[in-house]
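Before any comments, here is the structure.
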Amino acid sequence: MGTSRSEPVAGRRILVANRGEIACRILRAIREEGGIGIAIYSEADRAAPHSALADEAHEVGPAPVGESYLNAERILEIARLSRAEMVHPGYGFFAENAGFARAVGDAGLIWVGPSPEAIEVMGDKIAAREAVGASGVPVVPGTGALPPDRETAVRLAEEIGYPVLLKAAFGGGGKGMRIARDADGLTAAIDLASREAERAFGDATIYIEKWIEKPRHVEIQLLADQHGRIVHLGERECSIQRRHQKLIEESPSPAPFPGLRDRMGEAAVRIAREIGYANAGTVEFLLDAQGSFYFLEMNTRLQVEHPVTEMVTGVDLVRRQLRIALGGPLDLAQEKIDWRGHAIECRINAEDPEHGFVPATGRIRALHLPEGPGVRNDSGIVRGQVVTPHYDPLLGKLIVWDEDRPRAIARMRRALSEHRIAGCRANVPFHLWMMAHPRFLEGTIDTGLVEEELKPAEIAADRTETLAVAAAVAAAYRKCGAGPAPARAEGRDGSPWKWL
């Protein structure tokens, strides 16, 4: 959606219908383009960084999302009162809601994203499979919407071949997904998946897809303007996941298949052209051990992991989203896109990896974000802020770039060793553990690695040892007085004084 002619972003009043790190990211891009950024915040987010970053900010409602960030009527009222001209949804909340995108257009505003029709096609996973099949891109074998009778479901699953995956037709984020390895497990999986789909998405429709053992999850970033030009910006490897939710992303993929980027990129562009797509989008694929790939889904929005693509291509995706929404032609030619070096992103979540990644809450008493060459923090928190149970646990993203993958991993280890947050548990110890894992170092990864390899006791032991070293350092300091810092402990990142 947008205007039919190219217009400048400068001077435009743009409402960001989101919160946290992605709202901060978009508000900065708006300012760089010369626009005026308008934020919304809930009562719980009154002191959040995104409200301070904006040129103006408006309270949208109480803490619960249904009364604030998912209150479409109130958001559109704020857009009218603030004289906004454009709405950027970020990701999550209303980002892939065709009804809200339509309501934005009906209110005379410009939606920074694809058309409601494209959102609808790709938001319905069954319709998306049909559209992609028409484009000739391989699709994971599967069914349409499952009928209510279990006998038919069992027959369809047997035709596809076990194991199979039950998926929510209107789902995402790993919700409404269950694996069944035989007919006995299928009925229970259907019940669990449909109930979760109903709770999460308001629609219990599910379907069956062939479960590919030990796949990689690799996706392609797209940019498309309103004049028919579409380019891909290469791949991102997103295989480090837990319960189908991504934890670490990198670009390029370490998958050992020559020509993978070109083959996947061409397929993603073909899909976008098939549905008349415009703006930023991501096509996700499953990659098997032989190098064959299959369409998984298309995310009709900006991805959480978009920074790794920006780091290796030098292309600012958010600024181009704004220009495309105003009818601007894409200023990129496929043959001119250059990929340089290697980037890795770690999602910093408020959760406890020692105890099943349970969500964590609390007031942030202290915060230190790493710095230095090739380090980027997309953060949505500040010291003194309260992390509540009302929102997604993502606190921010730590992204690094270096000349090649081994150097990028070493840089990420260094950056993680400097990351400090007190008052709320975060998953930094998990990331440090993964950055030293042999399979990750070798690049022999798949979507099951975390479930197969993670041993919470190793993370706990690592933290306990760090605390013990810190205590020893403190005791030595008190006994000896000020003096040179103790030598770095073997095999440890960072200074013992820093641990203290």
Side-chain angles (χ1 to χ4, degrees), residues 96 120-219 238-239 241-246 267 271 274 283-299 356-357 446-454:
E96 293 180 286
E120 283 174 336
V121 168
M122 288 299 165
D124 179 343
K125 301 296 187 287
I126 296 172
R129 287 170 54 85
E130 293 172 356
V132 171
S135 74
V137 174
V139 178
V140 179
T143 69
L146 279 186
D149 66 290
R150 297 297 187 256
E151 293 79 10
T152 302
V154 169
R155 178 178 57 78
L156 291 171
E158 289 174 348
E159 288 175 1
I160 292 170
Y162 290 103
V164 296
L165 182 66
L166 281 299
K167 297 182 69 174
F170 298 92
K175 296 182 176 65
M177 298 174 70
R178 288 291 185 279
I179 298 173
R181 297 191 176 276
D182 52 39
D184 291 338
L186 185 67
T187 299
I190 289 172
D191 292 337
L192 288 169
S194 57
R195 282 203 300 269
E196 189 173 15
E198 175 67 37
R199 284 198 308 271
F201 312 111
D203 192 307
T205 305
I206 58 173
Y207 66 101
I208 296 176
E209 212 171 63
K210 174 67 179 173
W211 174 250
I212 299 175
E213 294 286 1
K214 296 186 175 298
R216 289 176 180 263
H217 185 139
V218 182
E219 62 190 27
C238 307
S239 296
Q241 306 177 4
R242 181 182 176 274
R243 294 181 181 170
H244 308 291
Q245 295 184 326
K246 302 168 187 173
I271 292 169
E274 178 74 23
V283 180
E284 304 195 346
F285 297 97
L286 289 180
L287 179 67
D288 68 19
Q290 289 71 47
S292 298
F293 60 85
Y294 305 89
F295 171 80
L296 181 62
E297 64 183 9
M298 183 174 187
N299 295 126
F357 290 84
D446 59 64
T447 58
L449 188 151
V450 174
E451 270 82 4
E452 293 169 8
E453 302 284 348
L454 180 62

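FYI, side chains are in, hydrogens and waters are out, and symmetry mates aren't considered; it's all heavy atoms of this structure.
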Quiz item: Are Glu159 and Lys210 close enough for a salt bridge, meaning some N to O gap below 4.0 Å?
Solution: no
Quiz item: Under a 4.0 Å N-O cut-off, is there an ion pair linking Glu151 with Arg155?
Solution: no
Quiz item: Is a side-chain donor or acceptor of Ser292 paired with a backbone partner of Asp288 at a separation under 3.5 angstrom?
Solution: no
Self-check item: Donor-acceptor under 3.5 Å (Thr143 side chain, Ile208 main chain)
Solution: yes
Quiz item: Hey, is Glu213 close enough to Arg181 for a salt bridge, meaning N to O under 4.0 Å?
Solution: yes
Practice problem: Check whether any side-chain N or O of Glu297 sits under 3.5 Å from a backbone N or O of Lys125 as a donor-acceptor pair, and report yes or no. | Solution: no
Quiz prompt | Donor-acceptor contact present, side-chain Arg178 to main-chain Gly176, <3.5 Å | solution = no
Quiz item: Between Asp124 and Phe170, is any pair of side-chain heavy atoms under 4.5 Å apart?
Solution: yes
Quiz item: Are the side chain of Arg150 and the backbone of Leu186 linked by a donor-acceptor contact shorter than 3.5 Å?
Solution: no
Quiz item: Do the side chain of Ser239 and the main chain of His217 share a donor and acceptor less than 3.5 angstrom apart?
Solution: yes
Quiz item: Taking the side chain from Arg129 and the backbone from Val140, do they hold a donor-acceptor pair closer than 3.5 Å?
Solution: yes
Self-check item: For Ala183 against Val154, the heavy-atom pair lying closest together
Solution: CB-CG1, 4.3 Å
